[in-house]
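What you are looking at is a predicted structure, and each value in this text was computed from that prediction instead of being measured. Computation of the quantities below employed the complete heavy-atom set of this structure, encompassing side-chain atoms and omitting hydrogens, waters and symmetry-equivalent molecules. First the proteins, then the strands, lettered A, B, ... as listed; each starts at 1.
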Number of protein chains: 2
Amino acid sequence: MTVNRHRVVIVGAGFAGLSAAKALASADSNVTVIDRRNHHLFQPLLYQVATAGLAPTQIASPVRTVLRRQANVSVELDEVTGIDLTNRHVRLGARTLPYDSLIVATGATHAYFGNDEWAAHAPGLKSLEDALSLRRRILLAFEAAEVAVADAERSRLLTFVVVGAGPTGVELAGAIAELAKRALTSDFRHIREVMARVMLVEAGPRVLSAFPPSLSAYAKRALEHLGVEVRLDHAVTGCDAGGVDLGAERIAAANIIWAAGVQASPAGLWLGAETDRAGRVVVASDFSLPGHPEVFVVGDVGLLRDAAGVVVPGVAPAAKQGGAYAAKTIAARIAGKPGPPPFRYVDFGNLATVGRKAAAVSIGPVRLTGFLAWTFWCAAHVYFLIGFRNRAQVVLDWTWSYLTFERGARLIPEAVSRRGDTAPDDINT
Amino acid sequence: MTVNRHRVVIVGAGFAGLSAAKALASADSNVTVIDRRNHHLFQPLLYQVATAGLAPTQIASPVRTVLRRQANVSVELDEVTGIDLTNRHVRLGARTLPYDSLIVATGATHAYFGNDEWAAHAPGLKSLEDALSLRRRILLAFEAAEVAVADAERSRLLTFVVVGAGPTGVELAGAIAELAKRALTSDFRHIREVMARVMLVEAGPRVLSAFPPSLSAYAKRALEHLGVEVRLDHAVTGCDAGGVDLGAERIAAANIIWAAGVQASPAGLWLGAETDRAGRVVVASDFSLPGHPEVFVVGDVGLLRDAAGVVVPGVAPAAKQGGAYAAKTIAARIAGKPGPPPFRYVDFGNLATVGRKAAAVSIGPVRLTGFLAWTFWCAAHVYFLIGFRNRAQVVLDWTWSYLTFERGARLIPEAVSRRGDTAPDDINT
């Protein structure tokens, strides 16, 4: 019996993949979860790592630990290089892994809209590596500004431009403004609060475009209250080591952060499937690949219109729901039972925070702003963090930084080096 | 008055440098602390980061934060490239920084006794970077072992050789044994406790040679109780990607960790000074450089025989005492008062821990072992950690991992990659 157990391979241990694995706990199957990182990442709080508010361990857990108690799951740390739909196996370099059912949940990354050369100057924020490198970049800019001689150079070093005013961009801009204008200034002798400039650039007409307009207006005011310059209806037209171009206007800035655009992972290529412009795989109403009922594409890499006609958005709750739905479909087939009713996306609403005391929350007809919304945002995020331990630590950290304006995770593990060539500002490169 | 204030430059923000800066708080001086890392590191707990017990933020604090309340101190993140004793300035690439008094506290690193090519295969443990890279290496070895097909390969991947049985080597070997034999095995499906092998190799006749012989014997028994193979009187004669040579014996091991030997930083070269074989600068009885009463060399980079004829050892308490002594000498000169009485090293004793329940403590005539010593070790280390916040977090973490055998910091930020060349075990390189 065990020899012939149904083999499910899940590629990706994000919200969709983990949710699928858990929903298969009682199915008569052997489940293998593959990810090229050893941890599940709570992406909604990644901006806190980038702005030195939380440490990596507080928003990530090893995939093995998350799934350790589920006896029918094994976890492999490896990178998928292709999928053979005909022979039903996943390729991992020279190695292959056979499947009876396959769940592809490889997620998405940011998009530079055809300007990939901007990536070097305007890094995005999708992985722990991204966040640690951004943290290093931001902290080193302050260090370089502290010893900068020329005013123009100091001002360039202390200018932060966040591109894209979705939740990530709004949260980043708010956190950087607090870091620059409050938390850090007491540590430096030659930097004063007024020297730092934080700008949020958005091509569309409002921030948080997925939220109701009243909350967009609120978030803009809250950002401006923190000292963030919000530029709406401005598209970035150029990006280099010295700064950013907004049409004819040039902003000299050493720190440009990309929070715009979404590009799905290359699973569409592996599957030879129809994709939209963002690379998302167009799937059938049960998340399966058209023509391949044994293959499911869930989370940010899939594109589905649900039973109510709603296009399922690329957010964490939608990914969890999709992963669980695909798993239930597989479990029902294994058990020889009818599958679940048509998928219907349950919208829990939208949340975004702006700094220490403000947030915007939209749940059905309910709109919350200000401190109450911020409290709700905190509670919701801590609740959904995996594992009691991380929760307790995050609560402790947030309480601490709320009371003290401290940023606990301001470490740059690497040493700076003057060996070899030495321009005065090279520690910022 | 402020224009002509005495300028003190301190190079290095380890125990000696920080202790010197603090002792200058009330001296009429402008103090500049330079370090090429942005943080002070609590090195005695670095092995815990390497073995995934603690996160970097729990044992390190930004130098700026540690010194923020001391108004006469500025901190610069930069790398010293030389010292001009004649013109009294420190070189930082093309930039220079003048001083009236200079304190050199640049520390030491590990030594390969002329076999620097071993460094690639047997990394040491001196910085956060070292610890994170070691953590990655250890965790990836388990991941590779989980999917390894051949028994010999799995056994090589799960063999850990620690070279050098000083406190760091003993603590590392104990922590790796616990990690390998307890904490991790429940997370893996194809690795069992008995497969892991941890070996501690020491060229001398006993472990913890700075401790009384009875404690050395105790520590050896405690290590063996944890499953560590202790090899005394064995020198490493070769080291490569496949394993380590102990004379004629070959140990196939994917994980070799170097905890032997000390090599002082190159300050001796900058100063053109007399050094011992380990590169330590021979200093006068007040830590000053002979012929240069305005230059002090303290901590692991200096070599001093104190007023009682004792060679001051390279341990944290000695570094703190030396840094403070040099600072008091400078402060007395500024104030036109007589200097402090001749330096006398106060020996607080020796502590080392072996795993979760055992430690060896020697304080004057007192010898402690077992659980009581371990409790004392914990209390002492938490007490000396900088900052209330880190203390609280470490207590929380230790309590948690004591109760659960969990290791909270098991993250590898980087993704593995199969792009390009792909040997089956390349994720371990």
Discussion item. Can you tell me which of B:Glu76, B:Arg37, B:Glu146 forms the most heavy-atom pairs within a distance under 4.5 Å of chain A?
Written reply: B:Arg37
Practice prompt. Return the set of residues passing side chain to side chain donor-acceptor pair (under 3.5 Å) with B:Arg7 (not counting sequence neighbours), or none when no residue passes.
Written response: B:Asp100
Practice prompt. Quick one: which of A:Leu128, A:Leu132, A:Leu67, A:Asn38 has the most heavy-atom pairs under 4.5 Å with chain B, could you say?
Written response: A:Asn38
Worksheet item: Just by modelled atom types, is the B:Thr96 backbone N or O under 3.5 Å from a matching donor or acceptor in the B:Arg91 side chain?
Response: no
Worksheet item: Just by distance, do the side chain of B:Arg189 and the backbone of A:Val73 share a donor-acceptor pair under 3.5 Å?
Response: yes
Worksheet item: At a heavy-atom separation under 4.5 Å, does B:Leu41 approach chain A through its side chain, its backbone, both, or neither?
Response: neither
Discussion item. Which atoms of B:Ser74 are under 4.5 Å from chain A, going by heavy atoms: the side chain, the backbone, both sets, or neither?
Written reply: both
Discussion item. Can you list everything that forms a side chain to side chain donor-acceptor pair (under 3.5 Å) with B:Gln43? Sequence neighbours excluded, please.
Written reply: none
Worksheet item: Is A:Arg64 reaching over with its side chain to a backbone N or O of A:Val75, donor-acceptor style, under 3.5 angstrom?
Response: yes
Discussion item. Using heavy-atom distances under 4.5 Å, tell me whether B:Ala131 contacts chain A through its side chain, its backbone, both, or neither.
Written reply: neither
